[in-house]
Each structure stands twice: as C-alpha cells, then as structure tokens.
Amino acid sequence: MTHLRTRAVHAGQHPDPHSGAITTPITQSTAFDYGTLAQGAALFAGTAEGYRYSRFGNPTVAALEAKVADLEGAPAAVAFASGTAATSAVVLGLLSPGDEIAFLGPLYGGTEALFRSMGERWGLRAVDATQQGLAASLTPATRLVWVETLTNPDLRLHDLAEVVALARARGLTTVADNTFCTPCLLRPLELGIDLVLHSMTKYLGGHGDATGGVVAGAAPLVAAVRKTGLAHVGGNLAPQEAFLFLRGIKTLPLRMAAHCAGAAAVADFLAAHPTVRAVHYPGLPTHPQHALAQRLLQGGFGGMVGFELARNERAAAAAVLDALQLFAQAVSLGDVDSLACHPASTTHSALGAELRAAHGISEGFIRLSVGIEHPDDLIADLARALQHAV
Ligand code: 3LM
C-alpha cells in the first residue's frame with residue numbers, strides 16, 4: 001500500500017477474526033477477560049501485550065491509532081477524547097515544573113490558554129517566540145517547541161526544517177499540531193518533527209459528529225504521553241467515537257481535495273472584493289509565505305480561509321456573519337459543512353485583547369472553514385453577506 005488514498009481506507013483494518021466483518025467492529029467493553037492471574041499480572045506489569053481495561057486500550061481505538069500512525073508515517077500513536085486532551089497529555093507527560101515550552105504563534109486560542117494558565121500554575125513557563133524568533137527565545141529551561149503547521153486562525157506557516165534544526169541542536173522535543181493540514185498536505189515527522197498532534201474533531205473525523213485527539217511519533221515518546229494521558233488523567237477516546245473516526249478517515253483524501261479546491265475559489269473571490277482589506281490563504285500568490293507553502297504542502301493549500309474586512313470592527317464582522325445562510329456561524333472546522341466564525345470573540349477569546357492584538361487577530365477578522373459544497377453556492381452566500389460589510 002503505497003498511496004495515501006489506499007492507506008486511508010485500509011490501514012489499521014483487519015477482518016474481524018470471529019465474523020470476518022470488514023468494517024472494524026465497535027468493541028463496547030470496559031474490561032477484558034485475561035483468563036489467568038498470571039496473565040493479568042503480566043499485563044499490569046507491562047511484560048505482556050493485550051487488552052485489560054478500556055482506559056488503557058481498546059481494540060477499536062487501537063485500530064484508529066494504527067491508521068493515524070500509518071498515515072503520518074509514525075511508529076506509534078495514542079488517541080484521546082479531544083485534541084485538548086492530547087495537548088495536555090503531551091504537556092503533562094513530557095514536562096516537569098521549571099521547564100519551558102517555546103511556541104510559535106498564533107496557536108488555537110485554547111492551546112495557548114492551556115499553556116499560559118494551566119501550564120503556568122504547574123510551574124511550566126510558556127514562551128511566545130512569535131515576535132523575536134525561536135533561536136532568541138530558547139533558554140536552558142526550554143524542553144518543548146510547539147508549532148501549528150498552518151496557524152489558527154491566520155493560516156501562517158513555519159519553516160519546519162529550521163525549527164527541527166534549532167531544536168535538534170539543543171536536544172529539544174518538537175511538536176507539530178497538524179490539524180489544519182492533515183497528513184494529506186503535510187507529514188511533519190518526515191521533516192524531523194518528533195510528535196505530530198491532531199484534533200481529530202476536525203478534518204480526520206470530517207463530519208462534525210465526534211470529538212477526539214491523537215498524538216503520533218516515536219514509540220518511547222508516545223508511551224510517555226499514553227501513560228500520563230490515559231493511565232493517570234483518563235482522557236481515553238470512547239470506542240464509538242473511534243469508529244466514527246475510522247470511517248471518516250477513509251474519505252479524508254477525497255474530502256481534502258474538495259476542501260482545498262473550494263477554499264482556493266473562495267479566497268480568489270474574497271481577494272477581489274472591495275469590502276475586504278486582506279485575505280489569509282497560503283495558496284494566493286500574494287500570501288507572504290506562498291513560496292514556503294508551495295514547498296511544504298502537497299496537493300493543495302488547505303480548506304481554511306481567513307479575511308479581514310476593510311471596516312475592521314466587530315459590528316462589521318457581525319453584520320456579515322449574521323447574514324450568512326449557507327455557512328453555519330459556528331466554531332470548529334474541517335466538517336463537510338461550511339462554517340464561519342469570528343475568532344476574536346470565540347476561538348481566541350480566552351487570550352484577551354492584548355495577546356490577540358499581538359497576534360494580529362483583529363475585530364474585523366472572519367475565519368471560514370470551507371466545506372465540500374459547490375464553491376459557486378458558497379461564493380453566492382458570501383457575496384450576499386458582504387453587502388452588509390459597508
Ligand atoms: C476551533 N479548535 O474552532 P478539541 N488544535 C487545533 C485546534 O484548532 C483545536 C484543538 C487543537 C477549535 C475548536 S473552539 C471552542 C472549537 C489547531 C480546536 C483542540 O479539543 O478537539 O476541540 O481540539 O478553532
């Protein structure tokens with residue numbers, strides 16, 4: 001299986017040994033019969049492989065972990081109940097009080113808020129390296145470097161080769177949140193990143209019906225994250241949700257192609273519209289990192305589009321968003337349905353006005369998650385709504 005489209009369908013899937021079922025069954029069981037005391041003791045001592053209790057592992061969840069690991073080119077993966085559970089498992093699993101996380105922002109507002117509030121309460125310092133650059137932000141206490149492969153909400157990229165080179169020279173662990181790109185567009189581990197993370201809630205699931213997260217990378221790192229995130233914190237993914245992600249991922253490459261084509265058409269439309277002062281889409285030749293995007297991304301520039309209204313104020317954003325009919329006004333992203341939101345008052349509200357201003361998230365910024373509907377219908381909806389922007 002060499003092609004991603006084939007692996008998206010088949011990886012992690014084996015006919016059920018009892019029934020021959022092709023689709024991975026939902027193993028809805030809390031505990032597993034290990035038969036003998038000796039086997040139970042070996043499972044708990046970690047000297048035998050097998051299932052014992054679904055907080056530690058479950059066959060449906062394991063099939064999903066194997067599928068994601070395969071698509072990201074990772075030796076191992078561990079699934080969680082949300083992307084945020086995955087993020088906190090990495091932070092709590094790999095860091096100790098006194099350690100620092102250097103991040104290139106902006107990040108999803110919840111991730112940055114987690115680093116700054118929960119992290120700092122537990123003695124972890126979050127260092128925002130966005131302005132002064134990573135090299136100048138690293139200290140002897142830095143342990144982790146965190147980036148998003150396409151930043152939320154403004155669709156910037158980082159030169160991952162540079163990030164890896166800097167981190168490797170100092171023995172730091174790198175984490176790339178690949179939620180916006182998916183392994184269809186970019187596989188960070190191939191570039192030397194240590195751990196890749198997804199909110200599966202988004203493109204991997206793809207249908208807006210399940211919440212989940214995953215971390216993939218080298219086996220010892222994933223084992224540390226697994227132990228903290230599952231055994232200690234209990235953030236395990238439910239088997240029914242794992243089933244939805246297994247099904248969703250089968251069509252991921254097809255959906256991503258449609259998301260990318262739709263977003264490119266929407267970005268072109270917005271770039272020519274008189275009420276729009278800036279469009280953030282890495283596929284546009286005017287994007288400051290278009291050349292880097294061409295180098296890093298394969299097969300498209302993603303399904304997310306950000307834009308800023310010429311009348312750069314909340315009232316203008318509200319007038320446009322409230323007038324949309326086909327786009328749902330909602331947070332989240334990566335669904336087959338198109339979604340639109342106002343990051344300053346929703347996804348990035350927890351940051352506060354000062355940090356948002358530092359990241360350039362203005363009151364007139366609107367974020368679109370372009371679904372798989374026909375782009376002409378989406379553009380007609382935007383054209384109608386933008387009449388309210390003046
Ligand atoms: C959002 N983002 O609308 P969950 N990493 C990235 C993300 O965008 C997100 C997470 C992790 C949004 C969610 S806002 C209330 C809704 C790049 C989530 C966290 O824990 O599965 O939501 O993933 O931008």
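Read the numbers this way: they start at 1 and go in the same order the structure lists the ligands and their atoms. Predicted model, so just to flag it, every value in this text is computed and none were measured.
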Query - Those residues that, when tested against S137, pass side-chain contact (heavy atoms from CB on, under 4.5 Å) (two or more places apart) - result: V127, A129, Q132
Query raised in the report: What residues, two or more places apart in sequence or in another chain, satisfy side-chain contact (heavy atoms from CB on, under 4.5 Å) together with Q131?
Result: none
Extract all N/O-N/O pairs under 3.5 Å that connect ligand 1 to the protein, and present each with both atom names and the distance rounded to 0.1 Å.
{"from": "ligand 1", "atom 1": "2 (N)", "to": "K202", "atom 2": "NZ", "distance (Å)": "3.4"}
{"from": "ligand 1", "atom 1": "3 (O)", "to": "S332", "atom 2": "N", "distance (Å)": "2.8"}
{"from": "ligand 1", "atom 1": "3 (O)", "to": "R367", "atom 2": "NH2", "distance (Å)": "2.8"}
{"from": "ligand 1", "atom 1": "5 (N)", "to": "D177", "atom 2": "OD2", "distance (Å)": "2.6"}
{"from": "ligand 1", "atom 1": "8 (O)", "to": "N152", "atom 2": "ND2", "distance (Å)": "3.0"}
{"from": "ligand 1", "atom 1": "20 (O)", "to": "G83", "atom 2": "N", "distance (Å)": "3.2"}
{"from": "ligand 1", "atom 1": "20 (O)", "to": "T84", "atom 2": "N", "distance (Å)": "2.8"}
{"from": "ligand 1", "atom 1": "20 (O)", "to": "T84", "atom 2": "OG1", "distance (Å)": "2.6"}
{"from": "ligand 1", "atom 1": "21 (O)", "to": "G83", "atom 2": "N", "distance (Å)": "2.9"}
{"from": "ligand 1", "atom 1": "21 (O)", "to": "S199", "atom 2": "OG", "distance (Å)": "2.9"}
{"from": "ligand 1", "atom 1": "21 (O)", "to": "T201", "atom 2": "OG1", "distance (Å)": "2.7"}
{"from": "ligand 1", "atom 1": "22 (O)", "to": "K202", "atom 2": "NZ", "distance (Å)": "3.4"}
{"from": "ligand 1", "atom 1": "23 (O)", "to": "S199", "atom 2": "OG", "distance (Å)": "3.1"}
{"from": "ligand 1", "atom 1": "24 (O)", "to": "N152", "atom 2": "ND2", "distance (Å)": "2.9"}
{"from": "ligand 1", "atom 1": "24 (O)", "to": "R367", "atom 2": "NH1", "distance (Å)": "2.8"}
{"from": "ligand 1", "atom 1": "24 (O)", "to": "R367", "atom 2": "NH2", "distance (Å)": "3.4"}

Query - Which residues share a side-chain contact (heavy atoms from CB on, under 4.5 Å) with E373, sequence neighbours left out - result: D337, S338, L378
Query - Whether H287 side chain and H280 backbone form a donor-acceptor pair below 3.5 Å - result: no
Report task. Quick one: pull up CG in L221 and CZ in R226 and give me the separation to the nearest 0.5 Å. Result -> 13.5 Å
Query raised in the report: Does V370 offer a backbone N or O that forms a donor-acceptor pair with the side chain of H259 under 3.5 Å?
Result: yes
